[in-house]
Structure formats: structure tokens, C-alpha cells
Protein chains: 2
Amino acid sequence: MLSMKCKYALKALVVLAAEGTKLPSSAIAQKARVPAKFLEAILTDLRKADALTSERGAHGGHKLKGSPEKIMLGHVVRAMDGMLAPIPCASTFYYKKCDDCTDEKICVIRHAMTEVRNKIAEVLDSMSLEDLVNMSPKKKQQLFW
Amino acid sequence: MLSMKCKYALKALVVLAAEGTKLPSSAIAQKARVPAKFLEAILTDLRKADALTSERGAHGGHKLKGSPEKIMLGHVVRAMDGMLAPIPCASTFYYKKCDDCTDEKICVIRHAMTEVRNKIAEVLDSMSLEDLVNMSPKKKQQLFW
DNA sequence: ATTAATTCATATAAATTCAATAGGAATTGA
DNA sequence: TCAATTCCTATTGAATTTATATGAATTAAT
């Protein structure tokens, strides 16, 4: 399951990708329909994840860091929610050994979940913010949801 | 993320599939290395999910319902954790509308997550308990993890 | 210099979910 | 009657999620 945080993060980034300009968090919150104060915290995390840059003060705001086609969904989801894999032992970026496993090399649960994690990563690591923006038939009107 | 409950359920079912016989929950707990009392509750859920049958009293126990190749991982995971999809609006079995979405038909987040959900379902709905058992190189020794 | 708009940092809180454990009732076979 | 078992209900502690609140720091415009 994606957390709300992660979903909001994706929506915020889609807004920024579509807009192309610097936007204050209040404007993003409105366009993405996301709780304003919660979004503030999320934007900070996204900045730490190198997905955007922020400017403080009057006329400040947030802007995508780099072009939308270079920011992959997998990167965002990992930054917000951690591993893509269903269980830690099947994760490549967040691997962690199971307590109830003696020989993870042969663990059949792990084998199965590694297949799942690879499929998830395949999709999310090949899909960019630009892909998301282009996906909408109404992108001219900036309606993505 | 799979819950512990779901992981334990899968391990219990693999034990039952490999064994082929009726087993008391205490024996399953030991072989699967799962907390005994927690497992009891899980086995009840698995019975309700039609994955096994239970007999009470002395010499009672739990037995797979049907053959291992007919019990799919997707069925088990859904029964334990609910939807496979990353977000409810992308689920086919547990669909639920988003509050922050006006037109889900065009929602780009939903489109992306539907792709993910389809990949996950593809894997889990085509993999059976028998596949899991056969996956282990050490299945003769009944060591699966 | 003051003010308004903004990000940033920290603390808090309510609600929910997770991962169990406890105790005992009901059932069954010996 | 006894021992082994499933089944049922309740509880609990911990962690996580989803926020909200407050105010400090920064910046541009007047």
C-alpha cells in the first residue's frame, strides 16, 4: 500500500511537472487537493530526496529539480515509503534479513516476493513524471484527477 | 508490504502443502517457525478463506483444502492483507473511490498504479503453493527457509 | 525599517493498525 | 473422564499514519 504521504507527493510533483514553474506550497496544495500543512512536510522530504528545490521568503516556493522525464516514480515512492518489495528480504535498496529465516538463499517466500518486487520496480523505475503528465487526456486543462 | 500475518500464513500453507497430511497447529507453528498462538488465529482466517479444513478435538488439526496447485498466492495474500493494488482506486477486488479525486477515469496516479497492480496480480495469481514447494532446492529435507 | 509571504523546524496528538498474548469454552478420540 | 485440540473473545503494547499547531527564519516589496 502507498501511504497518503506518497500519493500526495506524487500529486504535488505532477502539478510541478505540468506547471514547469516555481510554486508556493499553498498553490500546490490547492491544485493537488492535498492538506496544506501536511504537504509542507512532504515537500521538505521531497527536497531532501533531491526531487525539487525550494526558495524561502516572499515569492519563494518549490520547483522541480531537473526535468520531469528524469524523475522516476520508483525514486519518489522509495523516498516516501521505503522499499518497493513486499518483504524486506526481497528488497534490493532496503534489504534486511528475516528473523524467522535460517537460509534466505533457499527461502521460497523470498523467491516469490523477489519476483513481485522486480515487476513493481520494472514499472515504477521506468515511469517518469513526464510520462504521468502525458498520460492524462485532459492535460491541456491541467486536470489529472 | 506483506504483513507478518500474511507471511506466516504462506509459510503455514507451504508446510501443509509439503506435508500433505493433517497437522495440529502446534506442529505447523514449529515447522514454520511462527508464534503458536498467533498462528491459531491465522489458521482460522485461512479456513474462512477456504484454503484449508480443520478438525477439532484430539487428533484434530488442519489440512489443505484441495490440491496445492489450485491454491494461488494471490488468493492467500488477498485473504490476509486485502487488496494487491498500491491504492484502493486501482484495485479490482477491493475497489474504493478516492476522496481527493473528481474524475478517476483520467487520474494519472490511478493509471500508473493500475499497471503496478496488474503486474503484482499477474505474478501472485499464477503462482501456486505447489510452485512454492517445488521452488526449493532442498524440498526433500523439508527446508524452505 | 516594516510588513507580508513564504519555507523550515519542532512538537504534539488522535486514530488506526499490527503483532501478538491470555483465558477459557467447545469438541473429539482414547 | 481426560488429554489434545480447535475455536472464540477480549486485551494489550507498540508502532505507524495522518495529520495540526506554533513559531522561528528568510526574503522581497514598500
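Note on naming: letters A, B, ... go to the chains in the order of the sequence lines (proteins, then strands), and numbering restarts at 1 for each one.
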Is the NZ or CZ atom of B/Arg78 positioned over B/Tyr94's six-membered ring, under 6.0 angstrom from the centre and within 45° of the axis?
no
Should A/Ser54 be listed as having a side-chain N or O under 4.0 Å from OP1 or OP2 of C/dC8?
yes
Please tell me if A/His59 has a side-chain N or O lying less than 4.0 Å from either OP1 or OP2 of C/dT6.
no
How bent is the helix from C/dA1-D/dT30 to C/dA30-D/dT1, comparing axes over its five end pairs at each side, to the nearest 10°?
10°
Identify all pairs in which a protein N or O lies below 3.5 Å from an N or O of nucleotides 25-28 of chain C, and state each distance.
from   : atom 1 : to      : atom 2 : distance (Å)
C/dT27 : O2     : B/Gly57 : N      : 3.4
C/dT28 : O2     : B/Ala58 : N      : 3.0

Check nucleotides 16-19 of chain D for protein N or O atoms closer than 3.5 Å to its own N or O atoms and list the pairs.
from   : atom 1 : to     : atom 2 : distance (Å)
D/dT18 : OP2    : A/Met4 : N      : 3.2
D/dA19 : OP2    : A/Tyr8 : OH     : 2.9

To the nearest Å, give me how far apart [atom1] ([X]) and [atom2] ([N]) are.
X: B/His62; N: D/dT6; atom1: NE2; atom2: C1'; value: 6 Å
X: B/Met1; N: C/dT16; atom1: CE; atom2: P; value: 21 Å
X: B/Lys7; N: C/dC18; atom1: NZ; atom2: C1'; value: 15 Å
X: B/Met80; N: C/dC18; atom1: CE; atom2: P; value: 13 Å
X: A/Lys37; N: D/dG23; atom1: NZ; atom2: P; value: 12 Å
X: B/Asp45; N: C/dA19; atom1: CG; atom2: P; value: 13 Å
X: B/Leu39; N: D/dT5; atom1: CG; atom2: C1'; value: 13 Å
X: B/Glu40; N: C/dA19; atom1: CD; atom2: C1'; value: 15 Å

Determine yes or no for a side-chain-to-main-chain donor-acceptor pair under 3.5 angstrom, with A/Asp81 supplying the side chain and A/Leu2 the backbone.
no
Backbone N/O of B/Arg47 and side chain of B/Thr53: donor-acceptor pair under 3.5 Å:
no
Report yes if the side chains of A/Glu19 and A/Lys31 come closer than 4.5 Å at any heavy-atom pair, otherwise no.
yes
Would you say the side-chain atoms of B/Thr92 and B/Arg117 include a donor-acceptor pair closer than 3.5 Å?
yes
[X] side, atom [atom1]; [Y] side, atom [atom2] - distance, nearest 0.5 Å:
X: B/Lys5; Y: B/Ile42; atom1: NZ; atom2: CD1; answer: 7.0 Å
X: A/His62; Y: A/Lys22; atom1: NE2; atom2: NZ; answer: 10.5 Å
X: A/Met83; Y: A/Ile120; atom1: CE; atom2: CD1; answer: 10.0 Å
X: B/Ser91; Y: B/Met113; atom1: OG; atom2: CE; answer: 14.0 Å

Closest non-hydrogen atom pair, A/Cys107 against B/Trp145:
SG-CB, 3.7 Å
Check every strand shown and say whether A/Ser25 touches a base, only sugar-phosphate, or nothing at a heavy-atom separation below 4.0 Å.
sugar-phosphate
Heavy-atom count around A/Glu69 CD within 6.0 Å, excluding the residue itself: above 12?
yes
